[in-house]
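Structure, as structure tokens:
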Amino acid sequence: MKLFFKEKSKITPIGLIASSFDESQSWLKKEDDLEVLVRLIRLIRPSKIKKIQTINLQEIIFFLKENDFCRKQFSIYIKEILQDKKFNKILSDAAILQDVDFIFEVKKRIFAKFLPYQPQKNTLEYILNQVFYKADDSIWVNRIPFNQLEELYVLLEFNSIYETTEPNSSLSELLVAMSLITQRISGRAMETDVLKMVPEFDDFESPFGAFERELLLIEEKIRSSEHHYINRDDLSYAQLLVLHKQCEEFVDKAFHNSSKYGISLRVNQNLLKIRQQLIRLKYLIPLLIIEKENDKKTNGIALALQLIKYNCYKNNVRKFIAESTQLISYEITQHTAKTGEHYITETRSEYFKMFRTALGGGLIVGILCVIKVLLSKVEASYFGHAFFYSMNYAFGFIAIYLFGFTLATKQPAMTASALIKALEEGLIKQGKDSEKYEAFAILFARVFRSQFIAFVGNVIMAFPISLLGIWLIDYTLDYNIAATKWESLLTDLSPIHSLAILHSAIAGVFLFLSGIISGSIANRDKHNQVYFRIAEHPGLKRSLGKVRTLKLAKLYEKRWAGVISNFWFGIFMGSIGSIGLFLGLNLDIRHITFASGNLALGLYGANYAVSNSMLFWGIFGIGIIGLVNFMVSFSLSLGLAFRSRAISLFEVKFVVASIWNHFKARPVSFFFPTEKKNKSVIVENYLSSEVKE
């Protein structure tokens, strides 16, 4: 009895049943007819669901067997509560997307968490909302042994759901729900944006229309027959399963084609809703099948369990967001993975080419550092400074991108997706886990040394360029622009005298977001056929000519996503400080390349008269800032890439172990190319497959 004991009330489920269903029939005197059932479930409900494997109702069953009068009264009570209660909306709507507007759906579900929607009292949904009102109620209900549920079904003398198809009967509600779901699927699958995703089905009859017609025939057969069910060997049932499979293949093909045609969030939600409805039908169709008499009882219990489950999960926000964003995040990380390949060096020539492009990035950042100090002298509002700083960063980052230079911290968001794509290739192609993880470790070492040499190139160029810039201004105008700012420039680099680590983490988040923007823009343009529309634009072809119009389209396809990504990265970096001042919060950004330039400006502004301690923490801070930039951006991107490909985080354990073992064996390879080319089968397969694409 420990399971049912509640210290506060000192009442057990057996005690409640005995007191409520005795000869006085006290349950008839209750103003709220659900009060007894609500209290009973509250007593049975475990306080710590995760720690309980099974819910044992055997003592309640034994009590009902021994107390026939209570059993009959309890049976009458339950039947009166459930009599003629409609539930088709639970089957057709609950836990299924109700709106393709992602934001609206999220807001609606969150609001319903705090203030649940309450349907009419003549519906089963109202009863379930009152009785099983906790989101995890379906978990412990499904942990009740099925044989105990069967015993309760018999003891409480429930009628078979197959006795009648009269309106409001259980079977009628089931058939109405299935018909409603099927009609909704057929209409949504015929929308233009959905059909565009599966041109392979253009010359074939829609499987959804055929499925709807077949289900209608089965419904008519069930309603008109004496038994109100069909057998498993019924040809209509076999045909229904075949058509259901074809509908699933339609949706799977549409999702698969997203890599060719791109996909919008709206189309993704439409396809997701169709998939959820097909899954719902997959659970409901077997309830129409009866092979032996016991199946009537089994199906009735299964239907009840499904109703509780669907109603409990109808406002689940986490699952909705995960399902809705997985494919979109996959397409985004596909783009960043392809971009990230250019940031992974293998040979020495590629390694030193990365160094040269990083020097170019450092050159532009050095100039940006000087310009930012000059802009700080401008008398402007918070918004004015945010605008000037943002434009300085944005146009600088765009210049780095268009000139083919490298900004070191832009790599992690891209290379993380490339790494996970390589791991995914390994999961598919490799038979031996040890080889798969070893190859991944080799690829990670390439990523790390590419990042390392990019850091080095950025830092060693940004410092002298900033120093040269401030010296030229001082030499020509006799004005040291950092004379009043040198102390803050140096102090802000110190991880112990400022919030440099927090500000570096903020920059890492923005680096991650810029990668997301790049992938989403590329995915959106692909879905909207922007490149093709530019290439075939009649006005452009007439004014520019076909050749130049095609070049413009290719240039847009190749560069536009990166330009927009870098523009917004500049906005993020330039505006966060002003936003922090406006909100009264110490918000700012620290970026390793800019930190190097600021160190040069601070030293010149102080006329090189700084303490050894300040100089040490400034130099040390640059390294810490770069490390935090990398860790935050890379971790966020890695997490997104893992989730987008549905790879278990359990893999991380083996990945980290393989990287550590590789580092112990060949530490130099993490900083300089040492291994022989094409050593790894997975890496070679991965890289060669990308060349083919």
Side-chain angles (χ1 to χ4, degrees), residues 97 99-106 188 191-199 251 253-275 320-342 394 397-398 401-402 410 413-414 416-418 420-421 509-537 540 549-550 552-572 636-637 640-641 643-645 693:
L97 289 177
D99 198 287
V100 295
D101 187 328
F102 176 78
I103 301 297
F104 177 80
E105 184 77 18
V106 171
R188 194 168 296 277
E191 291 189 6
T192 302
D193 284 344
V194 174
L195 290 174
K196 187 173 71 173
M197 300 296 295
V198 279
V251 177
K253 189 65 177 177
F255 278 127
H256 178 75
N257 284 346
S258 63
S259 59
K260 292 181 185 178
Y261 310 119
I263 190 168
S264 68
L265 187 56
R266 181 177 180 82
V267 173
N268 179 73
Q269 298 301 90
N270 272 320
L271 290 172
L272 182 59
K273 185 169 184 175
I274 294 173
R275 173 176 281 176
F320 165 71
I321 293 176
E323 290 179 342
S324 298
T325 58
Q326 182 171 357
L327 182 67
I328 297 295
S329 61
Y330 179 84
E331 292 307 316
I332 290 171
T333 53
Q334 278 288 93
H335 170 79
T336 54
K338 291 181 179 180
T339 306
E341 295 155 23
H342 304 300
F397 294 149
I398 291 172
Y401 174 69
L402 293 179
K410 286 285 285 183
M414 307 297 181
S417 300
I420 294 303
K421 190 174 181 184
V509 173
F510 291 153
L511 287 159
F512 165 71
L513 290 177
S514 68
I516 296 295
I517 291 172
S518 177
S520 62
I521 292 293
N523 176 64
R524 183 204 64 186
D525 288 349
K526 184 192 295 184
H527 179 71
N528 294 328
Q529 298 181 311
V530 175
Y531 321 129
F532 179 73
R533 288 157 69 176
I534 292 175
E536 299 301 325
H537 193 287
L540 290 176
T549 301
L550 184 60
L552 177 63
K554 289 182 177 179
L555 182 65
Y556 183 96
E557 180 178 8
K558 184 178 180 181
R559 296 292 190 181
W560 184 247
V563 168
I564 296 298
S565 168
N566 281 283
F567 177 81
W568 278 106
F569 182 44
I571 299 296
F572 296 149
L636 291 172
S637 301
L640 178 68
R643 200 184 71 77
S644 69
R645 285 162 171 77
E693 290 182 7

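When a residue number appears, it is its place in the shown sequence, counting from 1.
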Roughly how far, to the nearest 0.5 Å, is [atom2] of [Y] from [atom1] of [X]?
X: Ser518; Y: Tyr401; atom1: OG; atom2: OH; value: 6.5 Å
X: Leu555; Y: Leu402; atom1: CG; atom2: CG; value: 8.5 Å
X: His527; Y: Ser258; atom1: NE2; atom2: OG; value: 10.5 Å
X: Arg266; Y: Gln269; atom1: CZ; atom2: CD; value: 10.0 Å
X: Leu271; Y: Glu191; atom1: CG; atom2: CD; value: 10.0 Å
X: Lys196; Y: Gln529; atom1: NZ; atom2: CD; value: 5.5 Å

*Who passes side-chain hydrogen bond (donor to acceptor under 3.5 Å, both in side chains) against Arg188, sequence neighbours left out?*
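Arg188: side-chain hydrogen bond (donor to acceptor under 3.5 Å, both in side chains) contacts with Asn270.
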Please name the pair of heavy atoms, one in [X] and one in [Y], separated by the smallest distance, quoted to 0.1 Å.
X: Arg524; Y: Tyr556; answer: NH2-OH, 4.4 Å
X: Trp560; Y: Ile521; answer: CD1-CG2, 4.1 Å
X: Pro199; Y: Tyr261; answer: CG-OH, 3.4 Å

Looking at [X] and [Y], would you say the former's side chain and the latter's main chain have a donor-acceptor pair under 3.5 Å?
X: Ser514; Y: Phe569; result: no
X: Lys253; Y: Val198; result: no
X: Asp525; Y: Val530; result: no

*Evaluate side-chain contact (heavy atoms from CB on, under 4.5 Å) for Ile534 paired with Tyr531, printing each intermediate quantity in order.*
CA-CA 5 Å; Ile534 292 175; Tyr531 321 129; 5.7 Å; no
*Check the angle between the aromatic planes of Trp568 and Phe572 and answer parallel, tilted or perpendicular using the 30° and 60° thresholds.*
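Correct class here is tilted.
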*Under the side-chain contact (heavy atoms from CB on, under 4.5 Å) criterion, do Phe255 and Arg275 qualify, and how do the steps go?*
CA-CA 10 Å; Phe255 278 127; Arg275 173 176 281 176; 3.2 Å; yes
